[in-house]
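What follows is a set of notes on a single structure, which appears directly below.
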Amino acid sequence: MHIIKQKREFRESLLSWYSREKRDLPWRRTSNPYYIWVSEVMLQQTRVDTVIPYYERFIDKFPTMEILADADENDLLKMWEGLGYYSRVRNLQAGVREVVSTYGGEVPTNRKDISTLKGVGPYTAGAVLSIAHGIPEHAVDGNVMRVISRLLVIEDDIALPRTKKIFEEVVMDLIDREDPSSFNQGLMELGATICTPKPKCLLCPVRDFCIAFHERKQEELPVKTKKTKMKVIPVASFAIRNDQQQWLLRKRPATGLLANLWEFPMVERMVGRTPQQMVHEQFGFELENLVELLSFKHIFSHLTWDMQSFEAQLQEVGTIPEDFRFFTEKEVEGLPKPVPVLKIWEEIKQGGKYDDCK
DNA sequence: AACTCGGGGTG
DNA sequence: CACCCAGAGTT
């Protein structure tokens, strides 16, 4: 293969570009495996610019694995508030607890052991091993698959699980044994800044090695077939306050969508119903007797929801009234809430009244 | 192998 | 508004 003969030159081009152009990011100023681990978990789901402030706050609040292991779940979720994929922070804590209790507080330095930790899959395992410990292991994420698929014109469908193995083998063949950390990060940095879905080939430090560029088909790669087919479910959300100026919130179930986060009571939006009717029909109590409806909004309409899981959640609303509790304004501030609820809460504090319900 | 799990960015 | 992004766990 074309690039195989030029592996050394490829590495040199990539590494010198990376050392010249790499962004100055907080987690690039440390080799603490725990900090690298935290950053990788955050970066799995969110863009760099979004992660930076979360990372700083998280490390500030939980500076050691022992402190994170002892943390209260509510505080944990609060630090993750707004990042999404909330089960991952609980997996992170579970993994950290495992390291503290069974690995003597040392993050394992081999793929087999580190992969047993909760929330640590093939990518995160390779990232921590290579970046924190300088071990030559592959760390194949979406960026790397995009870069490699173009570099070698690999046209396998990257949506298929088995395709990832191909890329892992290529990376193990190409990887720089002297500096696997910079090599892996260089590939990802390239994918994040140059070899983007709409590639900027004129700026690319390794375009001379890129077969797709020579064949003018970089725009067609990588091949990806899967398409998501989610439904949008319009939802009505109720901000209800009692005579003691406390707000009625509901803790979501421990599993599934937005697990363990707090929300305003929420129902599927019903055309032609008044808020009072919807509360009565779906929550089973009379709004007038108990509380004052201060705000009523349609939210989540921009999210994609799976109809079945939503129906399951409606069942929960009807059958587990213990999840409903009244909180003072100060208490509400301390509860971890998903972004749409945060936005409603902001509006309420600024005196927002309820939407129409047509 | 297919599905679940959020939120932000882009066109 | 539609569409794109992406790794790990669960089933």
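Excluded from the calculations below are hydrogen atoms, water molecules and symmetry mates; all remaining heavy atoms, backbone and side chain alike, are included. The sequence lines fix the lettering, A, B, ..., with proteins before strands; numbering per chain opens at 1.
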| field | Out of B/dG7, B/dG8, B/dC5, whichever nucleotide has its closest atom nearest the side chain of A/P338 | value | B/dG7
| message | Less than 4.0 angstrom from a charged side-chain N to a carboxylate O is my criterion; do A/K22 and A/E189 meet it? | response | no
| message | Can you tell me how the ring of A/F264 sits relative to the ring of A/W345, calling it parallel under 30°, perpendicular over 60° and tilted otherwise? | response | tilted
| Given DNA chain B, 5'-ward residue of the pair A/R47 and A/A259, judged by closest heavy atom | A/A259
| message | With rounding to the closest Å, how many angstrom separate the C1' atoms on C/dG9 and B/dG8? | response | 23 Å
| request: Write down the distance between CG (A/L43) and P (B/dG8), rounded to a whole number of angstrom. | output: 16 Å
| said: Using side-chain heavy atoms (C-beta onward) and a distance below 4.5 Å, is A/V339 in contact with A/V341? | reply: no
| said: Whether A/S87 contacts C/dA8 is assessed here as follows: a side-chain N or O lying under 4.0 Å from the phosphate OP1 or OP2. Is that the case? | reply: no
| request: Could you give the distance separating B/dG9 and C/dA8 at their C1' atoms, to the nearest angstrom? | output: 23 Å
| said: Taking C/dC3 as the reference, what is the distance to B/dG6 when you measure between their C1' atoms (whole Å, please)? | reply: 16 Å
| query | Donor-acceptor pair, A/E21 side chain versus A/Y18 backbone, under 3.5 Å? | reply | no
| remark: Taken to the nearest whole Å, OH/A/Y54 to C1'/B/dG6 is 11 Å
| request: Quickly work out the A/I52 CD1 to B/dG8 C1' distance and round it to whole Å. | output: 15 Å
| Does A/I211 reach the side chain of A/L151, with side-chain heavy atoms less than 4.5 Å apart? | no
| Atom pair distance, as rounded to whole Å: CG in A/L117 and P in C/dG9 | 10 Å
| field | 5′-ward residue of the pair A/K224/A/S115 relative to DNA chain C | value | A/K224
| query | Counting only non-hydrogen atoms, which of residues 153-166 of chain A are less than 4.0 Å from DNA chain B? | reply | A/P161, A/R162
| So, A/K337 and A/E263, do they make that salt bridge, N to O below 4.0 Å? | no
| task | With heavy atoms under 4.0 Å as the rule, sort A/V120 into base, sugar-phosphate or nothing. | result | sugar-phosphate
| query | Can you tell me how far P of C/dC4 sits from CZ of A/R146, to the nearest Å? | reply | 14 Å
Exercise answer: donor-acceptor pairs, residues 159-169 of chain A side-chain atoms, under 3.5 Å, sequence neighbours excluded:
{"from": "A/T163", "atom 1": "OG1", "to": "A/D157", "atom 2": "O", "distance (Å)": "2.7"}
{"from": "A/T163", "atom 1": "OG1", "to": "A/L160", "atom 2": "O", "distance (Å)": "3.4"}

| task | Pick base, sugar-phosphate or nothing for A/R90, based on heavy-atom distances below 4.0 Å to the nucleic acid. | result | nothing
| query | Quick one: which of C/dA8, B/dG7, B/dG6 gets closest to the side chain of A/P122? | reply | C/dA8
| Between B/dG8 atom P and A/L342 atom CG, what is the distance in whole Å? | 9 Å
| query | Going by heavy atoms closer than 4.0 Å, what residues in residues 195-206 of chain A are next to DNA chain B? | reply | none
| A/N260 side chain reached by A/R252 side chain, heavy atoms, under 4.5 Å | no
| query | Atom OH of A/Y123 and atom P of C/dA8: how far apart are they, to the nearest Å? | reply | 8 Å
| query | With a non-hydrogen cut-off below 4.0 angstrom, is A/T46 in contact with a base, only sugar-phosphate, or nothing? | reply | nothing
| A/N91 CG - C/dT10 C1' separation (whole Å) | 11 Å
| query | For the atom pair CZ (A/F183) and CG (A/L15), what is the distance rounded to the nearest 0.5 Å? | reply | 7.5 Å
| query | With distance as the sole criterion, is a donor-acceptor pair present between the side chains of A/Y123 and A/Q44 under 3.5 Å? | reply | no
| field | Of the listed nucleotides C/dC5, C/dT10, B/dG6, the one nearest the side chain of A/L257 | value | B/dG6
